[in-house]
Amino acid sequence: MHNFTLIKTKGDPGRTVNSLLAGLVEKELVQGVLTLAVGPFSSLPMPSLLCSIEQIKNSSPLAPAAGVSAAVHAARISRGPEKFRTAAVLRPCELRALVELAKLNQARLENLVLISMECPGRLENRRYLELRSEHPDLDVDYYLHPDLQAEASGTCLSCTDFIPEYVHLGICLLGLDLKQEIGISWHQEQGEELARVMEFVSGQESDSRRQAIKELEAARKNAWLNLQEKTAQEISTPEGLQKAIGDCLGCFNCQRACPVCFCRDCVSSREAFEQDPEELYDRGARKGSLRLPTDLTMFHLTRLAHMAHACVGCGQCSSVCPSRIPLADIFRTTGASTQEELGYRPGRSPDEPVPLVRFSEEKDT
Amino acid sequence: MNQNVRALVIGAGISGIRAALDLAEAGHSVLLTEKALAPGGLLLSLDRQFPDNHCGLCRILPGDITGRVWNACMRRGFGHPDIEYLPGVEVLDIQGTPGNLSALMNRRGLKVDPQKCTGCLECLKVCPVSQPYPLAPGLGQCKAVHPSAPHKPDNWLSINPDACTLCGKCMEVCPTGAIHAAEGNGPESMDKLSLAVLATGVEYFDPQLHNHLGCGHWPDAITSLDFERLISGVGPTRGVLRRPSDLGKVRKAAWIQCAGSRNLKLNADHCSGICCMIALKQALLAREKGMQCALFYMDLRTPGRNWQKYLNQAQQKGIRLIRCRPHSIVRDPGEDSLRIAYAPAPGEQRDENFDLIVFSVGRDPGYKLPAWAGQEGVIVTKGSERVLDIAGSLIAASAAAGRALRSFSDSCAQPGGEAYVSEHEHIHPSVLVVGGGPAGLSAALSLAEQKTQVVLVEKKDHLGGHAIKSMVPEVREQVLELRDKVQKHPEIEVLNEARLQSCTGPAGRFVARLLDARGHKREVKHGAAILACGTNPSRVETEDPRIINVFDLPEKLLSPDAPGNSSGRTVFILCSGTRREPADYCSKVCCQLALRQAIEIRRLNPESEVTIFYRDIIVQGDDEQLYTRARSDGVCFIPYLPEKPPVFQAGEKSVTVQGVDPYLKEDLQIEADRLILASGVIPESASDLARIFDIQSTEHGFLKEADVKYRPLDSVRAGIFVCGSGRNPVLAGEAVLEGEAAAQTALSWLARGRRNWPGSFVRVKTALCSLCAMCLQACPFKARYPDEHTGAMAVDALACQGCGACIAVCPNKASAWAGQEEEEMHELE
Amino acid sequence: MNLNDAQLREKIARGPGGGKNSPRICLGCGTCAAGCPMTGIEGFDPRIIVRMAQTNRFQELGNSVLPWLCTMCGRCEESCPMDVRIVSMVREARGMGGNKTIPEAIRRGIEMFMAHGNNLGLPDEDFGFIVEDVAEELTEEPGFEDFVLPVDKEDARLLFTLHNKLVNTQNEDLKHWWKILHAAEESWTLPGSSWEGVNWGLFSGQDEVLQAGVDTIVKNMERLKTRGLMYPE
Amino acid sequence: MNTQDNLKRHPGEETGQDLNVLALVCNWCTYTAADLAGVTRLKYPTQVKLIRFMCTGMIDVRYILRCFLEGADGVFIGGCHPGDCHYLSGNLKARVRIKGLRPVLEMAGIPEQRLRLSWIGASEGKKLQEELTGFTSEVRKLGPASFRQMHLV
């Protein structure tokens, strides 16, 4: 990587990023920043649109939490007129989701400065709060202590896409002494432009950094393969899937939390609750009983069929499921096959067309 | 509908059906007669057609098929509310005047009523006659009563009047009384016909009658028409290739081109045009089944934008192309295959055995139109004069329908006028024609003569395109006449030196924005557009005045006092820039032009020497006579292989051309006084037009039609039509025909839209639409567009053909079937 | 270009069939070559003949051995879809070569013919002896005792010319012919001189020889007032 | 287009059919081929129920899922050959959709052999027979689908 520079942190990498973000606003490159911040009444850092320099300097861009996917909010903010340009600090998975949304006209990337970080993973919300009570400086400590990182969500621990790909500015955290410095990389035309204005000086990356990335990659890959295998074995049988989703409440949390599910009103939610009693009886009579709400297998398979190709592996579906259905495992495993089958990688580039409307004219493929 | 106009279309092959559809869609009532029972003509026999080796016959039906036309494969039948189909009727004569013609028709023999017939086939059991099956002559026998077509259900039976003895046994045995003598058996007159279109097609050469290379004697030597039946899934062998003689396995098959054409002894100085492609197709189909295939040819005629690729494909798939004409076919005692004697190269004589030999037959040299074809008011489709491919037949048929209507409106006062007055406020009644070459001129004039306003946009400062400089006097005159008529016609506004910038809006309500000659902005509202841009000669990069582009020659060198003309040697190199990557297509016009020029040079100076290096001389139909003439006038033709083209070097005294004479196996060095290069044409403005009108263009930048076989002049966008060389290189005469056909296609479309504004197939639930635009990408007809007013993705009802692709792709069913809820599709009552 | 060439070109352009059957019209399809019994032998191919004719190399063709490889069987012409008269062309080419290219046997035969009226150079006297000898042998056979050889008999129906090999080595064949004629009670006669029926001018392409051969026969027929001609080829 | 109805009308139990195979076919090519198969008296397994669509390109993946969830043992999709589509590219869209659907079926425990996409032209009555016969026997080898009796969530 050539477009890379180191910035001194003076002990707090989060604050360093905050200054950088504030700089973007000060230099009028953006009108606001979308990043995690703890509000006056919330305990969790939540995605927030920050417009004042002061608020930006108090935000928590590196907090290892993601109460909701910020991708959806970045998408929403970006759909405004050109005068609202926003710097969005997103996890790599959120960034990928945002790129997917952009392909479907749900986001306008030209209104965003895309900032992301090398992501060791996020903590589940409850765990974040628990750990923060033990570590008041959790947002910094998390990056310094590998045992804290091991507490990250299961999805994150088996995520191999922890380095942002389609991004303007990348915050580099791996293989660096974060008490001393963090790295900034820049990409795309927009990134180059930002680097020029921010007067970044291109420098060399250390071997230790490369090594750290390699190690993490290997560990994650291993975990991912294990997870895939486990999912294939335990779930992908007729009974397995039924068992896995057996306790589904039909709350549709997973669908609402999914950053790439973009429909205004999900076809499945309409379907599950729009049946008349006569039909319910009819169906019940056929097999002797009918599980209510009905058609939840159809709902989950529909979601897989519609979105598996676009699954960015953020794990929000699992995190929000009250019945602890391993939805992310199911989605990611299916998604990996679908994506390979279609030669598609979600979020890789906004120029890569959505596969389901792209078809080959070839006779036999 | 204009009930006064009553059109007769003779022949229900695709030409006849196309002409009938055009007339009917324009609002006239049509009688469509067919000698056989089933409509479809030759296409009934051809299951798979080039260049995609599949079918698609259904696509000639109009787009908004609901309720108006049988929405089924046309092999199963054809129905249209304004077309009365008269099967089993032969037209014997037509007399009268346009507007009041009367036709003498013959309904002969017995008929089986498909309404009453149950398909029990008892009649077949009792029929005493045995005759060659009309759809597979030489490949099997059948009774006088037989299935009318391979794809027809059993209750569609024909009785061949020539074979039937009228013994009446079938009538006795029929349990439902479905068999009866034809209504009005015998000649009968039909009067008060406004016009007639003759679309019977040509007759094919029968090599058996001429004992051509033993055809008829050897059962395993068959014609290309028979081969279609042999390879058909519904043919006598159910598509398994077997030798007709003993049903033995076919391992090796040969095709022999030009059976009955390009033969002076048979008085056949013509090329049938499409046999090369048919043979390549048949060989490809046989190859798919594992056969070894060889094709004996002299020139592989694959003209135009698409066919060269097809040839390449055939070569890649391992079809042997052997450039020579076999001498004889024999069967050695004890052998079960046939032996072909041929000589592929000088001094090289070969014998090779084949299980099956196919004669590529074309137009019978003795074929003549009936005498009444010359009757005023009878329009003959080009496809009844020469063999045309599917697209060519359809284009010719539409042009004929247009000519018929125009000739009719000339002789009678305003008969068809009413049909073209806008009845629907949404459709703009005018047509934008882009391009003032032969295609554009003829399109504009055809439209105007059918009372349609036209805006003709031309980039240059004059109309007529390259054709006004044509060296063929008839072409020049034709184009100049068209130009005069167009310029004088009150319905046509000509905008020279105009620059088109954009075209927006849904079908029927287009708005084009352009800059006129003075640079002023102009908006043209139009219901339909015809894109008729042409091509330009590709440049020949040289400063040397002796090296000349074939397209520049007429002006530069044909005048007797032009420099170099009196001197000795002229060399042509054909295909010098085309038929290989990157311009892997044939420009079609160069061969013809070079032949004319060579003949002219020899005529002006009999002392001169003219040599033409060529890959394949590609001329079709009676243009073959140009080639024959050039040869007999002493032009020397030297074939070259694409991998070893002749090379040239400009020297002080002459241009040295080096090549190889394959007959003498000698290196040649010609000190030429001038070298003419046929570097082909390029569609310079087509890709720009494609972008402006949001239609597709090909890899080489030609305008792409919706369907290369069955909708050759439609684009994928409803209301946008394409024609002329910008679509596919054509000769000037063909461009004129395409222009007329495009005009008729546009008129049919406009009339259909006005008369019968379709209810949309697709409904958009605005509240659900997330504007993801997947429907836009999925729609093959560009019928989906973002509606600024509703903020949702709207449906262009005129363009929508109801395929449901947008609905399938819409994740939450914001796009839904107009008449059906998504839930109903899953039937969860 | 010399005058001779120009004349030649004109001649070729017209072709032996008078324009329509010119070699120029050849498509190069090779039907002729596929049917020719000589294709491939010493590089022979009818297409080469036609090509050389097309490209104004007729003299060169005449000087080459190619025209003499042709058997003049005519299969090529029969099958040519362009109706090119290939055999006639071969003959003309042979004539172009002059005495240089004519095979020795034929050249000598022609010389003999021009000098003596037959290809063997056989004096009329010797011919008389030979045929009388054979006739005498024939009368010894049963049923032919009354056979009388008609020589120079006037007003016969047929003038019977001979292939020289019948006079030279295959005398027996004479008898077969005569037996037939005798049995048929045909009215015929042998010419006492200029009996040669083989016209090698036809093969050599020399029109003057061809003419001479025809002339001798015509003269004989006029002299003997015969109405018909038996010709061995 | 009424999957459940079809299953109800011919439930395996009532007719003694061991299998339910649904064939979703396009109007222009495969349905015509089926018609032709009828005309030429070619027999294909009675377990197959044809459902006619205007185009394979309008077959929502959810229809296929629905077929399986309602107890179909096999789903056959028949469309025009590439290049033959009456609507230009519907068959190609179907192809890519089915490609993307296969991993979903796999996750649901539906073996990929239970879903077949085939191109059958209007003249290929014989191919239709062969394909349907072959597919049915392949499905028979797999046995009845588990979803038929299962109480699905």
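Everything numeric in this text was worked out from a predicted model, so none of it was measured. We name chains A, B, ... by the order of the sequence lines, and we start the count at 1 in each one. Atom set for the values below is all heavy atoms of this structure, side chains included, hydrogens, waters and symmetry mates excluded.
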Heavy atoms, side chains only, cut-off 4.5 Å: are A/H306 and D/R62 in contact? yes
Would you say D/K127's side chain and D/W119's backbone share a donor-acceptor pair under 3.5 angstrom? yes
Backbone N or O of D/N20 within a donor-acceptor pair of the D/D73 side chain at under 3.5 Å? yes
Looking at A/G288, A/S289, A/P355, which has the largest count of heavy-atom pairs under 4.5 Å with chain D? A/S289
Hey, is the main chain of A/E279 close enough, under 3.5 Å, to the side chain of A/D276 for a donor-acceptor pair? yes
Side-chain heavy-atom pair D/C80, D/H86 within 4.5 angstrom cut-off: no
Check each atom of A/L301 against the heavy atoms of chain D and say whether the ones under 4.5 Å are side chain, backbone, both or neither. both
Do A/E165 and A/S349 have side chains that approach each other closer than 4.5 Å (heavy atoms only, starting at C-beta)? no
Hey, is the main chain of D/H81 close enough, under 3.5 Å, to the side chain of D/N91 for a donor-acceptor pair? yes
What do you reckon, are the aromatic ring centroids of D/Y31 and D/F53 less than 6.0 Å apart? no
Part of A/H300 within contact of chain D (heavy atom distance under 4.5 Å): neither
Chain D contact residues among residues 228-245 of chain A, heavy-atom distance under 4.5 Å: A/T231, A/I235, A/S236, A/T237, A/P238, A/E239, A/L241, A/Q242, A/I245
Heaviest contributor of heavy-atom pairs below 4.5 Å to chain A, chosen from D/R97, D/K93, D/R102, is D/K93
Taking heavy atoms only and a threshold strictly under 4.5 Å, list by residue number the residues of residues 308-330 of chain A that touch chain D; give 'none' if the list is empty. A/I330
Say whether, by atom type as modelled, one donor and one acceptor occur between the side chain of D/Q47 and the main chain of D/V21 under 3.5 angstrom. no
Who in residues 90-109 of chain A is close to chain D, using a strict under-4.5 Å heavy-atom cut-off? none
Examine distances only and state if a side-chain atom of A/R291 and a backbone atom of A/G246 form a donor-acceptor pair shorter than 3.5 Å. yes
Do the charged groups of D/E131 and D/R116 touch, with an N to O distance under 4.0 Å? yes
Just wondering, do D/I98 and D/I77 contact through their side chains at under 4.5 Å, heavy atoms? yes
Ignoring hydrogens and geometry, is there a side-chain-to-backbone donor-acceptor pair from A/K287 to D/M150 under 3.5 Å? yes
4.5 Å side-chain heavy-atom contact, D/Y44 and D/E130: no
So which part of D/L152 gets closer than 4.5 Å to some heavy atom of chain A, the side chain, the backbone, both or neither? both
Under 6.0 Å between the ring centres of D/F135 and D/F76? yes
Should D/E138 and D/R114 count as an ion pair when the cut-off is N to O under 4.0 Å? no
Would you find a donor on one side and an acceptor on the other, under 3.5 Å apart, between the side chain of A/R332 and the backbone of A/S158? yes
Salt-bridged, D/R66 to A/D295, with N to O below 4.0 Å? yes
Pull out the residues in residues 103-112 of chain D that come under 4.5 Å of chain A, heavy atom to heavy atom, sorted by number. D/P103, D/V104, D/E106, D/M107, D/A108, D/G109
Is there a side-chain contact between D/F147 and D/E70 (heavy atoms, below 4.5 Å)? no
